[in-house]
Amino acid sequence: MILGLETSCDETAAAVITEDGEILANVVSSQADLHAKYGGVVPEVASRRHLELVMPVLREALDEAGVGLDRFERIAVTQGPGLIGALLVGLSAAKALAWARRLPLAPVNHLHGHVASLFLQPDPVDPPFLCLLASGGHTLLLDVQDHGGFAVLGTTLDDAAGEAFDKGARLLGLGYPGGAEIDRLASEGDPEAYEFPIARVSGLDFSFSGLKTALLYTVRELDAGELERRKADLAASYQRAIVTALVARVEQTGADRIAVVGGVAANSELRAALPDAALAPLDLCTDNAAMISSAGRYVEAIPFARYLAVDAYASTAA
Ligand code: KG4
Ligand code: ZN
């Protein structure tokens with residue numbers, strides 16, 4: 001069995017999975033409410049909250065799985081990328097657990113974790129495939145040839161897709177995080193009411209900052225009453241532009257096996273637009289520790305005691 005911890009952003013998460021990818025417990029405590037009043041994640045607030053939540057969340061995962069610490073073969077933990085103070089809480093907890101039980105530690109790249117959400121039971125998807133990873137921090141097209149890693153084919157030049165959702169939601173006066181809010185409101189609106197621009201970027205890269213600016217200018221033209229009346233149409237049109245941009249890039253690759261992961265993979269319009277793609281299960285799209293445990297099966301674990309000096313990293317070269 002593998003125990004996994006994830007604290008890279010504003011979810012404190014612990015999970016227990018078996019070696020063949022069966023999820024025995026997957027506990028996620030979101031701090032979204034705590035950060036909502038700031039309209040985004042405040043790193044220092046997140047770190048402090050992780051510190052309070054990491055042990056209760058871990059205990060809950062062990063209880064749910066009905067196992068004690070003596071049952072694990074390794075501990076998996078997100079090493080980066082993410083908020084450095086937040087990552088350090090999970091990494092320190094994982095080191096302490098592994099050290100106390102003389103277990104190896106598997107440091108996991110958070111992005112590899114999102115991809116590995118596809119490798120879990122009951123319907124595991126095996127490589128090779130082309131993977132769209134769209135989250136709050138990243139928008140990537142990945143060539144996934146095996147379980148252990150990926151090659152980056154395209155990335156965003158500015159905002160991530162989830163960030164575009166969150167910033168758009170803020171302009172529309174919706175809550176944080178905004179993706180799910182826009183998704184819900186868009187179902188009541190006309191996606192063709194407004195024509196928002198889709199960035200022309202060469203190759204397989206993405207750009208979403210122009211779209212966000214277009215929404216800003218559109219919203220500025222409306223008074224409070226009009227904004228309220230047109231909100232659903234704005235949400236639907238804005239979502240349509242993001243989804244169209246994502247789908248266009250995926251189709252441009254010509255790949256026949258396609259997978260979609262990350263928080264934005266929860267979006268209903270995106271899911272409907274790629275009916276033949278392997279979609280991460282809804283509860284594994286946004287950050288969780290089951291996906292980190294899953295990736296932890298495929299990385300080289302660091303043997304007992306040698307990991308005490310391992311550090312977290314905020315960003316990757318990719
Ligand atoms: O993967 P994730 O939990 O965290 C990162 O690694 O960044 O992704 C969070 C992002 C947020 O930007 C959130 O607004 C977006 O995923 N998101 C959605 C939906 N649910 C979450 N975006 C669009 N539609 C959704 N239903
Ligand atoms: Zn994530």
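Values in this document were obtained by computation on a predicted structure and should not be read as measured data.
Take Ser207 and apply the side-chain hydrogen bond (donor to acceptor under 3.5 Å, both in side chains) test, not counting sequence neighbours, and it matches Asp158. The ring pair (Phe, Tyr, Trp, His ring centres under 6.0 Å) test applied to Phe129 returns no partner, not counting sequence neighbours. Listed by chain and residue number, Thr18, Asp20, Leu24, Gln121 satisfy the side-chain contact (heavy atoms from CB on, under 4.5 Å) test with Glu22 (two or more places apart in sequence, or in another chain). Residues passing the side-chain hydrogen bond (donor to acceptor under 3.5 Å, both in side chains) test with Glu19, sequence neighbours excluded: none. Contacts of Arg271 classified as side-chain hydrogen bond (donor to acceptor under 3.5 Å, both in side chains), with partners at least two apart in sequence or in another chain: none.
Atom-to-atom distance recorded for Asp166:CG and Asp159:CG is 10.0 Å, nearest 0.5 angstrom. The line from OG of Ser29 to CG of Asp10 is 10.0 Å long, rounded to the nearest 0.5 Å. Atom-to-atom distance recorded for Lys231:NZ and Glu226:CD is 14.0 Å, nearest 0.5 angstrom. How far SG of Cys9 is from CG of Asp287: 6.5 Å, rounded to the nearest 0.5 Å.
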Criterion side chain to side chain contact (heavy atoms under 4.5 Å, CB included) on Phe165 and Asp183, from CA distance to verdict
CA-CA 9 Å; Phe165 271 107; Asp183 196 350; 5.9 Å; no

Run the numbers on His110 and Met291 for side chain to side chain contact (heavy atoms under 4.5 Å, CB included), then give the verdict.
CA-CA 9 Å; His110 183 80; Met291 70 185 197; 3.6 Å; yes

For Thr139 and Thr155, what are the C-alpha separation, side-chain angles and deciding distance, and is it a side chain to side chain contact (heavy atoms under 4.5 Å, CB included)?
CA-CA 6 Å; Thr139 308; Thr155 184; 6.0 Å; no

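Contact record, Leu130 with Ala255: CB-CB, 3.6 Å, taken as the closest heavy-atom pair.
Gln239 places no side-chain N or O within 3.5 Å of a backbone atom of Pro191 that could act as its donor or acceptor partner. At least one donor-acceptor pair under 3.5 Å links the side chain of Arg297 to the backbone N or O of Phe119. Side-chain atoms of Ser237 come within 3.5 Å of backbone atoms of Asp190 as a donor-acceptor pair (strictly under, hydrogens ignored). A donor-acceptor contact shorter than 3.5 Å links the side chain of Ser293 to the backbone of Ala289.
Counting only residues at least two apart or on different chains, no salt bridge (Lys or Arg N to Asp or Glu O under 4.0 Å) pair has a member in residues 71-89.
The aromatic rings of Phe196 and Tyr194 lie parallel to each other, their planes meeting at an angle below 30°, with 60° marking the opposite boundary.
No more than 12 heavy-atom neighbours from other residues, nucleotides or ligands sit within 6.0 angstrom of CZ on Arg170.
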